[in-house]
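Okay, so here's the structure we're looking at.
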2 protein chains.
Amino acid sequence: MREPDISIEECSYRRALEIVSNKWTALVIYALEGGTIRYGAIKSRIADISQKMLTQTLKQLERDGLVVRKVTPVVPPAVEYALTPLGTTLLPFLRLLKGWSAEHYASVSNAREAYDAAQKDALPG
Amino acid sequence: MREPDISIEECSYRRALEIVSNKWTALVIYALEGGTIRYGAIKSRIADISQKMLTQTLKQLERDGLVVRKVTPVVPPAVEYALTPLGTTLLPFLRLLKGWSAEHYASVSNAREAYDAAQKDALPG
DNA sequence: CGGTATCCGCTCTGATACTG
DNA sequence: CAGTATCAGAGCGGATACCG
């Protein structure tokens, strides 16, 4: 039997996926692309993200060294977030993904419709 | 209040994420990078993937038009999978992610350790 | 304003058993 | 070999309420 070469220990690709491949992480990084931005502004930019998920995602990104948090002690408090230099190294990857989607998403959408239609025909009438 | 510009309807980036950003999808595409490959061979390459998840992921990729399934009606059955032309357009993106991980994963790992150590210091002894 | 804490449903995921 | 079916647990993610 062949050895698995796509393992969590050996495959760097897989480790990167652990960082980025969840529902909100990449979206939040994308929202930070334009520079320092306040918590509320991020929330306004990303449709459907809850306060809990935004806070949780930002905390995780901070832990990973991809985002910095700056608190200005005023009343009411102002909290700003920005990408670290490490965080900005992810941007080319995100932009490529965006470009891919712009170019090919329609094809995926069409494929889905065709597939679903074929499935429906296969069922008994 | 500002309008969200990162919504599922308008943001192509977000749609791409829906395709790729789950635990196994990108890994399976990566396993198919080298060309046509049998079901069992994919399973051998990817550590820890269960039969259920592999089947489910392949089916979803087929629906999205990224992978083709070829059944050879012999006994025992032989089923092969390959990337479609559309599927191969994702490879540059995956390779970039892999390169990013090779270059920067250590930084993330270090950041995590530093963050966790700081958290521990903040707790009462 | 920018959180934290809690509850709760739902999906994702893996084990196990069975089929052609 | 390549699946399908079923079950059960863990964790994601949302709604709500409260705090500095």
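Below, all heavy atoms of this structure are taken into account, side chains as well, without hydrogens, waters or symmetry copies. Naming convention: chains lettered A, B, ... in sequence-line order (proteins, then strands); numbering from 1 in each chain. It should be emphasised that the depicted structure is a prediction, and the values quoted were computed from it without experimental measurement.
The CG atom of B:Asp5 lies 10.0 Å from the OG atom of A:Ser44; values are rounded to the nearest 0.5 Å.
Relative to the side chain of A:Pro77, the nucleotides D:dA2, D:dG20, C:dT13 differ in distance, and D:dG20 lies closest. With D:dC1, C:dT13, D:dG14 as the candidates, the nucleotide lying closest to the side chain of A:Ser50 is D:dG14. Relative to the side chain of A:Met53, the nucleotides C:dG14, D:dG3, D:dG13 differ in distance, and D:dG13 lies closest. When the nucleotides C:dT13, D:dG3, C:dG3 are ranked by their closest atom to the side chain of A:Thr55, C:dG3 comes out on top. Checking C:dG3, D:dG3, D:dG14 against every side-chain atom of A:Val79, the shortest atom distance belongs to C:dG3. Listed nucleotides C:dC7, C:dA15, D:dG3 differ in distance to A:Lys52; the shortest reach to its side chain belongs to C:dC7.
The CG atom of B:Asp48 sits 8 Å away from the P atom of C:dG14 (whole-angstrom rounding). Between the NZ atom of A:Lys59 and the P atom of C:dG2 there is a distance of 15 Å, given to the nearest Å. Distance B:Glu62 CD to D:dA2 C1': 14 Å, rounded to the nearest Å. Distance CD (A:Gln56) to P (C:dA5): 12 Å, rounded to an integer number of Å. Put simply, CD1 on A:Ile37 is 15 Å from C1' on C:dC1, counting in whole angstrom units. Spacing between atom CH2 of A:Trp24 and atom C1' of D:dC12 amounts to 12 Å, rounded to whole angstrom units. When the C1' atom of C:dT11 is taken as reference, atom CD of B:Gln60 falls 14 Å away, rounded to whole Å. Rounded to a whole Å, the OH atom of B:Tyr39 is 10 Å from the C1' atom of D:dT4.
Under a hydrophobic clustering in which Ile, Leu, Val, Met, Phe, Trp and Tyr are joined whenever their side-chain heavy atoms come within less than 4.5 Å, directly or via other members, A:Tyr115 and B:Leu83 fall into different clusters.
Aromatic ring pairs are classed by plane angle as parallel below 30°, tilted from 30° to 60° and perpendicular above 60°; the pair B:Tyr39 and B:Tyr81 is tilted.
For D:dC1, the OP1/OP2 oxygens have no side-chain nitrogen or oxygen of B:Lys43 closer than 4.0 Å. For C:dG3, one of the phosphate oxygens OP1 or OP2 lies less than 4.0 angstrom from a side-chain nitrogen or oxygen of A:Tyr81. The side chain of B:Arg38 contributes an N or O atom lying less than 4.0 Å from OP1 or OP2 of D:dA2.
A:Gln51 comes within contact range of at least one nucleobase, with a heavy-atom separation under 4.0 Å.
B:Thr84 places a side-chain N or O within 3.5 Å of a backbone atom of B:Leu66 that can act as its donor or acceptor partner.
Side-chain contact, A:Lys98 with A:Tyr30: a donor N or O sits under 3.5 Å from an acceptor N or O.
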